[in-house]
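For reference, the structure discussed in these notes is given below.
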There are 2 protein chains.
Amino acid sequence: MAKIQSKKNSSKKEIIIEKAARLFREKGFGAASMRDLAEVVGVEAASLYNHIQSKAEILQAICFKAANEFISHLESVEASSESTLKKMETIIRFHIHMMLDHYEYVYISDHEWRHLPEPYLSNFLNQRRSYRKRLGDIISEGIHKNEMKQIDPYVAVLTILSAVSGIESWQRSRKSTSADVLESSMVKYLIEGLKK
Amino acid sequence: MAKIQSKKNSSKKEIIIEKAARLFREKGFGAASMRDLAEVVGVEAASLYNHIQSKAEILQAICFKAANEFISHLESVEASSESTLKKMETIIRFHIHMMLDHYEYVYISDHEWRHLPEPYLSNFLNQRRSYRKRLGDIISEGIHKNEMKQIDPYVAVLTILSAVSGIESWQRSRKSTSADVLESSMVKYLIEGLKK
DNA sequence: TACTGTTAATGACATATGTTTGTTTTTTTA
DNA sequence: TAAAAAAACAAACATATGTCATTAACAGTA
């Protein structure tokens, strides 16, 4: 059996993917070259291929890692017995935290998925559709239980997810607004608009 | 003097930019090649350069056209004497209509601006910052006049603009929700969250 | 018909791209 | 310390890129 890692607990592959996440976010997947990536990793471009199979594989890893985190969190929320309003708040906060703490991954998953090769692309879009559908179901339930005001669930989900993903522009800004204010204000805005 | 146009009232340059808008939206600026563009225009790649100066110039034209429309609309709203809440509703509706009617342009302006060459890039970002600042000012005024609930204006603007730009994903979808429902639901959601 | 200005096509340029091959160096294992 | 495995390298590949120079087609006017 192989002694897995040397430094820290991240394999070289993980390092490559981490660096790639930042690079892809900064320049976009298409505009970021393998030679760019090699440079930030501190290696020649050809050497990358000892650890990964293709540029696209890196994108897959990033996109699906982010997607899986959202899905598994949703599952735990669905299994809980909180009110629908509280469920939505929990989910919104989770999305915000992901935007704050795993910005690169979430950003790429949000914006660069179109460069995924098939069949990963279809797979990704299916997961996404299903995720949104399940959020919509929570809102539908909230309306039926009279916890939420009458609103189109599809549009509500769209609005919430888009709003949160706009935190991207806060990340790029000089951040004169603190992360705390950002979170509480956005949650307040999105929940008030939902609450009956 | 030259007889300007043959067909319709759009110059070849305008046709190129129109086709490019669609192409850039579908494939992304970086992944869309001049040869791709030439094909949809129905001409050889090199011939495009009789009408435009560079690929980047096309992007500039698209981004600034969209930006200018938003700015000049904002100016007319600022000059009006409606309530702050009504002003914001007007602006939100305008953004939604832009997403519905000029989807390609707005989308590119939203997502591909980072490929603008300097000094256009700085210019664009300045305009954007200023635009958002002015929206924030309307909200601040609304709070002072007790027309809106206490909320961080920066975050409110961020939330609103991001939410609207999420209509992109509706555009790409099978549109089982009508444009009318989309507009009224989103306006309701965003205004309710603002109203005192 | 000949002239003129505009646009298109051809073919090429220099460079950049993702990736492979073959080889050497470094690290791990025995 | 020697053998084996893993990782890095240099060089090259085939192709794609934005763009330019030159030349040919073609319209409208005289």
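Below, read A as the first sequence line, B as the second, and so on, with proteins coming before strands; counting in each chain starts at 1.
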Q: Kindly say whether, by distance alone, the side chain of A:Asn50 makes a donor-acceptor pair under 3.5 Å with the base of D:dA8?
A: yes
Q | Approximate separation, where rounding is to 0.5 Å, of A:Arg25 CZ and A:Glu168 CD | A | 9.0 Å
Q: Identify whether NZ of Lys or CZ of Arg in A:Lys55 sits under 6.0 Å from the centre of the six-membered ring of A:Phe29 and within 45° of that ring's axis.
A: yes
Q | Atom-pair distance (CD1 on B:Ile58; C1' on D:dT19), nearest Å | A | 13 Å
Q. Under 3.5 Å, is there a donor-acceptor pair linking the side chains of B:Glu147 and B:Thr84?
A. yes
Q.
Treating A:Thr90 as the side-chain partner and A:Lys86 as the backbone partner, does any N or O pair qualify as donor plus acceptor under 3.5 Å?
A. yes
Q: Ignoring backbone atoms, test whether B:Tyr49 places a side-chain nitrogen or oxygen under 4.0 Å from the OP1 or OP2 oxygen of D:dC20.
A: no
Q.
Using a 4.0 Å heavy-atom cut-off to protein, can you give one letter per nucleotide of nucleotides 10-17 of chain C, 5' to 3': B if the base is in contact, S if only the sugar-phosphate is, - if neither?
A. BBB----B
Q) Closest nucleotide of DNA chain D for B:Ile52 versus for A:Leu48: which of these residues is on the 5' side? A) A:Leu48
**Q.** Mutual orientation of the aromatic rings belonging to A:Tyr107 and A:Tyr103 [parallel < 30°, tilted 30-60°, perpendicular > 60°]
**A.** perpendicular
Q. Starting at NZ of A:Lys12 and ending at P of C:dT27, how long is that distance when rounded to a whole Å?
A. 11 Å
(Q) In this structure, how many angstroms lie between the C1' atom of C:dA8 and the CD1 atom of B:Ile15, rounded? (A) 15 Å
**Q.** Given C:dT19, D:dA7, C:dA8, the nucleotide with the shortest approach to the side chain of B:His51
**A.** C:dA8
Q: May I have the distance from B:Lys13 (atom NZ) to C:dT7 (atom P), rounded to whole angstrom?
A: 12 Å
Q: Please report, rounded to the nearest Å, how far the P atom of D:dG18 is from the CG atom of B:Leu23.
A: 10 Å
(Q) Tell me the interatomic distance from B:Phe24, atom CZ, to D:dG18, atom C1', rounded to whole angstroms. (A) 12 Å
Q: Quick one: sort the A:Phe64 and A:Tyr120 rings into parallel, tilted or perpendicular, breaks at 30° and 60°.
A: perpendicular
